[in-house]
Number of protein chains: 2
Amino acid sequence: MESRSRRVGRPRRLSREAILRTAERILTEEGAEHLSMRRLAKDMSSTPMALYHHVRDKDELLLLLLEVRTARLPPAELPHEPRERLLAGARSLHEMLADSPWAMDALTPDGRVNTPTRRIVETMIDAAVACGLNHERARHAYRVIWYYTLGELLVRFHRERARRQGDSTPWERAMHSLDPVAFPLLAGLGAQLTEIAGTGHYQRGLEAVVDGLLRKGVA
Amino acid sequence: MESRSRRVGRPRRLSREAILRTAERILTEEGAEHLSMRRLAKDMSSTPMALYHHVRDKDELLLLLLEVRTARLPPAELPHEPRERLLAGARSLHEMLADSPWAMDALTPDGRVNTPTRRIVETMIDAAVACGLNHERARHAYRVIWYYTLGELLVRFHRERARRQGDSTPWERAMHSLDPVAFPLLAGLGAQLTEIAGTGHYQRGLEAVVDGLLRKGVA
DNA sequence: ACCTGAACACCGTTCAAGT
DNA sequence: ACCTGAACACCGTTCAAGT
């Protein structure tokens, strides 16, 4: 073997790690809407096409970013009581994605999740079985919980984005022009909703959903 | 008044109605991802900027399209039993949006809905009160139901899009390259999920959610 | 192997000019 | 008032060429 096989030639300017680091920075500092291949390349003083030598396409990039984040998560504690285990699993999913809004697009087609996520899903289905549901009902229960979680996250992200951009989005303007009478009503609703949106409200709804799913005497 | 004030000058080639008709056609025939201002203009043998004379921007266009569709909906029947009324309201929202996936983006910021939709929301909150919840819990119940509905719709749309595009989306390829071991498992899951996704599964989960929200003895 | 530059096929929107 | 054409500031991705 040639001992000088390393460090010969031009040093690599790009690497997966460096790309992921820069992408992470853009994501956290400016949000997913600012992460583009062109922008990423510019921030690394490179060209868009150089990136394609390290990732297959933008989807793979986003997927890798999700892997990086989930790997950083502390391992979830698993309560003994099965109902608590179900709740804990849902909270884990919720937390994981609350930090990575941009990953929603990749995750919404079902079953397409990375290994840590899949483990949470399996834990939840097992917990539902331990609560007395048969396998079919347990899978169904998981899905209902997932839909609730997904919907909550979606609304959460949209609200945050709206706040970041101020109140003068094109939609906001359209709202005004379409139904001026409705606006005070909606503004009132908005205030209520912000109040409601605090921490703990996901948890509260989750318990209702879980209890509804675990209730006895339903086929 | 001048009786020849109509039909003088060049006839208007574009109109809101014609624009909405063409946009509707593109939406139903090819999906929201093919609806762009440029494409719309081309289909009408016009230029992108001509459209901006009739709608403020693309958001307003989408909003108008949603108005058109909701106006076409048959008026929902309102059952007497409050729990049934709550379920019927949720089903109406679900149906309405199941026909208009492209409207999801506009709807997810809360409270930002057109008049027919707002009426459904009010009906649901009233029904929850009639079920014995106070106003705060009734609003909360509505939101939990909405999150569940939204999540279900989101997964539904993504699945449909994936089916339309075949199995070789960039994501699918990324999945293979990342974890080949995982794939058979996920493929199995996918089959189960498709089976589960049939009609009636939204309804079944909805009842569990509603019963969980209406259960007695919870603060 | 790694990177560049030009190009392809798109976006939504603005601006100045035409009739 | 209604419409056009050119332009601005973007996208993701491909292709052919450079070192």
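Every chain is numbered from 1 and lettered A, B, ... according to where its sequence line falls, protein lines coming before strand lines.
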How many angstroms lie between CD in A:Glu24 and CD1 in A:Ile19, if you round to the nearest 0.5 Å? 14.0 Å
Nearest heavy atom decides the nucleotide; on that basis, is B:Ser46 or A:Met49 closer to the 5' end of DNA chain D? B:Ser46
Could you check which nucleotide pairs with C:dT19 in any of the strands shown, counting Watson-Crick or G-U wobble with both distances under 3.5 Å? D:dA1
I'd like the P distance from C:dA9 over to D:dA9, given in whole Å. 24 Å
Tell me the interatomic distance from B:Leu51, atom CG, to C:dT14, atom C1', rounded to whole angstroms. 15 Å
Which of the following nucleotides, D:dC11, D:dG5, C:dC11, is nearest to the side chain of B:Thr47? D:dG5
Measure from the side-chain heavy atoms of B:Tyr52 and tell me the nearest of D:dG12, C:dT13, C:dC3. C:dT13
Complementary nucleotide of D:dT13, counting Watson-Crick and G-U pairs under 3.5 Å: C:dA7
Could you measure the distance from the NZ atom of A:Lys58 to the OH atom of A:Tyr52? Nearest 0.5 Å is fine. 9.0 Å
Residues pairing under salt bridge (charged side-chain N to carboxylate O under 4.0 Å, His left out) where one sits in residues 38-47 of chain A, two or more places apart or in two chains, turn out to be A:Arg25-A:Asp43, A:Glu30-A:Arg39, A:Arg39-A:Asp43
Please confirm whether the ring centroid of A:Tyr202 lies under 6.0 Å from the ring centroid of A:Tyr148. yes
C:dC3, D:dA1, D:dC11: which one has an atom nearest the side-chain heavy atoms of A:Arg39? D:dC11
Is it true that A:Glu152 and B:Arg143 have a side-chain N and a carboxylate O under 4.0 angstrom from each other? no
Separation of atom CE in B:Met44 from atom P in D:dT4, rounded to whole Å: 11 Å
Value in whole Å for how far the P atom of D:dG18 lies from NE2 of A:His53: 16 Å
Tell me which of A:Arg38 and A:Ser45 sits closer to the 5' end of DNA chain C, going by the nucleotide each one is nearest to. A:Ser45
Among C:dT4, C:dC3, D:dT13, which nucleotide sits nearest the side chain of A:Pro48? D:dT13
Nearest whole Å is fine: how far is D:dG12 P from A:Arg56 CZ? 18 Å
Whole Å only: how far is the NZ atom of B:Lys58 from the C1' atom of C:dT14? 18 Å
